[in-house]
**Q** 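Here it is, the structure in full.
Since the model is a prediction, treat every value here as computed from it, not as a measurement.
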Amino acid sequence: MSLTLLAIFIPACFALNLSPGPNNLLAFSNASRLGFWPALAGGLGRLPVFAAMIALVALGLSTLLTTFEAALIVVKYAGAAYLIYVGWKMWSAPAPSEAVSKQTSILALMRRDMSFAAANPKAIAVFTAFFPQFIDRSGDLLSQFALLGALFLALEVAAIAIYAVFGRAMSHVLTPPRLHRLNRGVGGFLIFSGLTMALKPES
């Protein structure tokens, strides 16, 4: 893989990593409640899911999804339904208290972040459509996917840290009522994302 392609891939990929999707907003919300390190650790829950998606794309999932339209439809609506469900749970949850928030375990934070990543087929679409543009088909495809995947995951950790920093920085102004509104905002965004995903016509 040429250095020119990598020089294009890294900033373009980081822009995707920094997009305010469900996982990044969750990291922001967690940091505002629990602090930087719990939010960063919880955000790492998405990495195994993304790594598995990259491996599936590298092994030919893009061909499967292109060939069998029903598979893509199932993934699409299952992910949309889950995002709407989680969004509604966050929207309808009572105002959080500091005592309850501090009892949240790192493992629970990681599981939620993992479920958000797994429920969002947009990630599969990104890997399927974005990565192949930077692959030299005359070279070793698996090693190139491995390199791009490793770079993506490293940049994802940086994105988690950035959202956690901003979430932590705003924690002093996020009183319980404001945090409740933030959670409703995140929940509303998840519901909107799920509906948009479900209603988007097939291309």
**Q** Would you mind writing out the side-chain donor-acceptor pairs for residues 37-44 within the sub-3.5 Å range, not counting sequence neighbours?
**A**
none

**Q** Return the minimal non-hydrogen interatomic distance between A164 and A31, and the atom names on each side.
**A**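 Distance-wise, the nearest heavy atoms are O-CB, 3.2 Å.
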**Q** Less than 4.5 Å apart, any side-chain heavy atom of F116 and any of R112?
**A**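 Result yes, sub-4.5 Å side-chain heavy-atom pair found.
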**Q** Rounded to the nearest 0.5 Å, what's the gap from CD1 on I8 to SG on C13? Could you check?
**A**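 Spacing of CD1 (I8) from SG (C13) equals 13.5 Å.
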**Q** Please list, chain by chain and in numerical order, all residues satisfying side chain to side chain contact (heavy atoms under 4.5 Å, CB included) with A55, sequence neighbours excluded.
**A**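 Applying side chain to side chain contact (heavy atoms under 4.5 Å, CB included) to A55 gives none.
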**Q** Any side-chain heavy atom of D113 within less than 4.5 Å of one from N30?
**A**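 No, side chains not in contact.
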**Q** Testing the basics here: between G45 and P48, what is the closest heavy-atom pair and its distance to 0.1 Å?
**A**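 Looks like O-CD, 3.3 Å.
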**Q** What is the distance from atom CZ of F14 to atom CG of N17, rounded to the nearest 0.5 Å?
**A**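 Rounded to the nearest 0.5 Å, the CZ-CG separation comes out at 6.5 Å.
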**Q** Indicate the atoms forming the closest heavy-atom contact of W91 with G188, along with that distance.
**A**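 Of all heavy-atom pairs spanning W91 and G188, the closest is CE3-N, 4.2 Å.
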**Q** Distance check, rounded to the nearest 0.5 Å: F28 atom CZ versus N24 atom CG?
**A**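 Between F28 CZ and N24 CG, I get 11.5 Å after rounding to 0.5 Å.
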**Q** Please report the closest heavy-atom contact between A27 and Y163, naming both atoms and the distance.
**A**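 Closest approach of A27 to Y163: CB-CB, 4.3 Å.
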**Q** Minimum heavy-atom separation for F36 to A161, with atom names?
**A**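 Reported closest heavy-atom pair: CE1-O, 3.5 Å.
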**Q** Could you note down all residue pairs passing salt bridge (Lys or Arg N to Asp or Glu O under 4.0 Å) where residues 147-156 supplies at least one of them, sequence neighbours left out?
**A**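 Those involving residues 147-156 are R46-E156.
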**Q** Taking the side chain as everything from C-beta on, heavy atoms only, tell me whether L147 gets closer than 4.5 Å to L6.
**A**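 Yes; the side chains approach each other to less than 4.5 Å.
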**Q** Rounded to the nearest 0.5 Å, how far does CD1 of I10 lie from CG of L5?
**A**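 Interatomic distance, L5 CG to I10 CD1, rounded to 0.5 Å: 11.0 Å.
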**Q** Is the backbone N or O of S32 less than 3.5 Å from a side-chain atom of R168, with the two atoms forming a donor-acceptor pair by type?
**A**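 Not confirmed, R168 side chain does not pair with S32 backbone.
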**Q** With rounding to the nearest 0.5 angstrom, report the CG to CG distance, L18 to L155.
**A**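 Here the rounded value is 8.5 Å.
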**Q** Restricting to ring pair (Phe, Tyr, Trp, His ring centres under 6.0 Å), what partner residues turn up for F152, sequence neighbours left out?
**A**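 Testing F152 for ring pair (Phe, Tyr, Trp, His ring centres under 6.0 Å), a comparison that skips the adjacent residues, returns F50, F127.
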**Q** If I take atom CZ from residue R111 and atom CG from residue L107, how far apart are they, to the nearest 0.5 angstrom?
**A**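 One finds 4.0 Å between CZ of R111 and CG of L107.
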**Q** Not counting sequence neighbours, which residues clear ring pair (Phe, Tyr, Trp, His ring centres under 6.0 Å) with F9? List them please.
**A**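 With neighbours one apart ignored, the set is F130, F131, F134.
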**Q** Can you list everything that forms a side chain to side chain contact (heavy atoms under 4.5 Å, CB included) with S92? Sequence neighbours excluded, please.
**A**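 Scan of S92 (side chain to side chain contact (heavy atoms under 4.5 Å, CB included), adjacent residues dropped) gives W88.
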